[in-house]
Amino acid sequence: MKKIDYRQELNPAQLRAVESTVGPYLVIAGAGSGKTRVLVHRVAYLVEQGVNPEEILLLTFTRRASEEMLRRASTLLDERCKKVSGGTFHSFANMILRKYAKLLEINNNFTILDQGDAEDAVNLVRTQLNFHKSEKRFPRKHAILEVISKSVNKSQEIGSVLLEEYPQFVEFVEEIKKIRDEYGKYKRQKSLLDYDDLLVYLKNLLTTHENVRAALSAKYKYIMVDEYQDTNKLQAHIVCLLAADHANIMVVGDDAQSIYSFRGANFKNIIDFPGIFKGTQIITLEENYRSTQPILNLTNAVISRAKEKFEKNLYTKKKGGQIPVFIDCPDENAQSVFVAEKILELREEGVALRDIAVLFRSGWHSNDLEIELASRNIPFAKYGGQKFVEAAHIKDLVSYLRIAYNNHDQVSWLRALLLIPRIGPKTAAKIIESILDQPKLEDLWQKNEELKKLFELLKNVNLEQEGPAEIIERFLVYYQPLLKVKYDDFNKRLNDLDSLLRIAQRYKSTEQFLVDMALEPPERMLIEPARQDKDDSPLTLSTIHSAKGLEWHTVFLIYCAEGHLPSYLSLETEEQVEEERRLFYVAATRAKVNLFLLKPHVDRSPRSFMDGGGSVFTQVSRFLEQGGLLEEFVDVQSTGLTDELDALELEDITGEKRSKNREFLQSPDDYFRDE
């Protein structure tokens with residue numbers, strides 16, 4: 001029988017984690033420290049020690065992660081590892097609920113609603129309650145379901161979620177509660193469960209049926225949880241209930257990479273784990289197998305200033321390495337030009353495009369860069385956030401320019417007309433027919449008063465004397481009220497419109513602007529069938545959230561400026577600022593060899609065209625300025641700037657430092673009592 005030499009394959013900290021099997025353990029796995037390797041070897045170690053594979057429960061966040069770990073464990077040892085109970089929280093909940101459904105008064109043949117089905121069910125309830133006839137704009141199905149879901153996953157009241165995420169709908173808190181209640185009744189009547197119900201019902205089963213909880217705890221004698229920092233309160237409670245009897249539980253994660261609070265993840269779960277299980281031993285994995293030491297020096301310094309954390313200091317045995325570089329660019333387009341030119345330079349030096357990534361805090365940050373890359377024939381794939389030119393609100397605004405350029409563009413007319421309240425497809429078709437028959441738009445005003453404002457704007461467009469940016473500016477004033485009516489999350493879309501305006505400012509001709517937007521969309525490069533050279537694999541553009549767990553030879557982190565990273569939307573509380581710090585840390589630790597940090601020196605503040613604002617000087621992200629990190633760990637450069645940085649003074653968000661001395665809690669119910 002195969003025997004594994006664990007001492008040969010693992011470093012001392014990894015070996016300790018693998019061989020620690022009895023009792024509660026918290027493994028703080030720093031970025032690039034071999035977290036998955038530990039889990040794979042620990043599964044094999046338990047099986048090799050004679051533990052029944054079916055008594056091991058491995059919980060992960062994706063089915064693919066679980067399957068890959070068990071496949072690797074089987075390759076490492078033997079096929080017994082495939083019998084380990086592995087899966088996601090939701091798949092585990094589904095399996096248990098099918099068996100014990102009757103105890104919860106649900107049918108064991110319940111149907112699980114996917115996202116679209118759940119939204120349709122919410123919309124049905126919304127309509128039955130006549131809230132679709134509200135005199136004021138009422139939230140649509142997607143927003144309602146999101147509020148209900150976050151209320152469940154964050155264990156928050158509906159009102160709190162509305163205040164944080166959708167303040168414009170706070171006045172409808174009672175109506176949304178009514179929809180939530182009726183939606184729950186509808187699902188029970190139809191034997192339906194959505195994703196959140198799987199966790200809610202499982203927790204209820206474990207808390208209200210002690211015999212079931214004890215039986216499951218006895219069955220799963222060894223529990224492991226991957227990415228514990230990403231669990232929500234429900235998931236953490238379930239895990240603690242399952243392990244309450246034997247406490248043979250190991251959770252693996254990195255508090256410094258907890259960045260998914262918007263999905264309901266609770267940073268406190270990993271911080272408070274030692275307080276829930278008395279006697280928890282903490283094992284810290286600090287040897288990094290990804291990055292060079294200069295990069296780790298910077299990331300260590302950034303995260304060391306976190307208000308609340310587990311102490312660790314990442315190091316590597318790799319020799320050498322370039323110091324990270326900070327570039328202060330004159331403006332956004334100069335930032336894009338630098339990145340594009342550096343990418344081409346690296347490609348000539350032998351670095352494949354697939355080994356390079358550009359990371360950013362928000363999807364709109366790459367809008368200008370996408371245009372620049374497309375103009376240079378550099379293929380890329382974008383992850384996290386919709387592609388700029390495909391966004392509905394961008395298409396809306398561009399439709400006005402298309403109509404101004406070509407009055408017979410029926411597709412653009414249809415899009416523009418359907419934005420107007422009380423105009424549906426049939427009415428729009430009749431109007432378009434009239435427009436095609438009667439080119440003089442002013443003659444149609446009397447036929448449809450709602451069109452007057454739009455027609456007046458179109459009539460005053462002078463394509464020969466005006467550039468696309470001037471035309472867009474006028475239509476933005478007209479479009480803003482329609483944007484608020486059409487999209488519940490309109491405030492999140494304003495930055496995209498600002499980017500469109502700035503891109504348009506680079507063009508003198510509306511015709512050329514429309515041609516480039518239509519014929520050179522960034523994603524076109526990704527589907528060229530003739531491209532087969534390996535070095536032409538697409539470059540990666542990604543939000544930081546979507547980049548977690550990945551790595552590249554070279555990473556560009558753009559918009560390292562106050563208001564961008566950290567985002568101005570996350571400056572209200574200390575907790576939000578701290579999560580932004582962790583986002584910065586996650587982004588920087590993706591780099592193996594080269595790390596470039598960039599910001600535009602001059603920036604148009606978001607929504608400036610709406611608010612009458614102008615260009616402003618940006619301030620370096622606080623995560624780089626605190627403690628003189630730029631001077632100590634980064635090579636500071638500039639591109640075309642002769643004056644010293646004229647920074648705006650932005651006040652630090654401060655708060656009382658939390659005590660590291662935490663009161664030990666005696667049971668899961670004590671900790672989760674406010675759920």
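The figures that follow rest on heavy atoms only: side chains count, while hydrogens, waters and symmetry mates do not.
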Which residues share a ring pair (Phe, Tyr, Trp, His ring centres under 6.0 Å) with [X], sequence neighbours left out:
X	result
Phe556	Phe596
Phe61	Phe89
Tyr400	Phe475, Tyr478

(message) Just by distance, no angles: are the side chains of Ser304 and Asn300 close enough, under 3.5 Å, to form a donor-acceptor pair?
(response)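 Per modelled atom types, Ser304 and Asn300 side chains form no pair under 3.5 Å.
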Please identify each residue that fulfils side-chain contact (heavy atoms from CB on, under 4.5 Å) with [X], with sequence neighbours left out.
X	value
Glu631	none
Ala265	Tyr260
His553	Val351, Asp355, Val593, Asn594
Val485	none

Suppose we screen for salt bridge (Lys or Arg N to Asp or Glu O under 4.0 Å). Which residues come up paired with [X], at least two apart in sequence or across chains?
X	value
Arg72	none
Glu332	Arg502
Glu372	Arg376, Arg506
Glu470	none

(message) Please enumerate all residues that pass side chain to side chain donor-acceptor pair (under 3.5 Å) together with Lys312, with sequence neighbours excluded.
(response)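 With neighbours one apart ignored, the set is Asp254.
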(message) Phe262 vs His545, test: ring-ring contact (aromatic ring centres under 6.0 Å, His included). Steps then yes/no.
(response) CA-CA 11 Å; Phe262 69 95; His545 287 100; 4.9 Å; yes
Within-4.5 Å side-chain heavy-atom neighbours: [X] and [Y]:
X	Y	result
Pro538	Leu353	no
Arg590	Trp552	yes
Leu463	Ile471	yes

(request) State whether the side chain of Gln14 and the backbone N or O of Asn11 hold a donor-acceptor pair below 3.5 Å, judged by distance alone. (result)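 Confirmed, Gln14 side chain pairs with Asn11 backbone.
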(message) Set out, in order, the CA-CA distance, both residues' side-chain angles and the distance that settles side chain to side chain donor-acceptor pair (under 3.5 Å) for Gln293 and Asn297, then state yes or no.
(response) CA-CA 6 Å; Gln293 194 61 51; Asn297 290 340; 3.0 Å; yes
(message) Just checking His564 against Tyr559, ring centres under 6.0 Å apart?
(response)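 When the ring centroids of His564 and Tyr559 are compared, they turn out to be within the sub-6.0 Å range.
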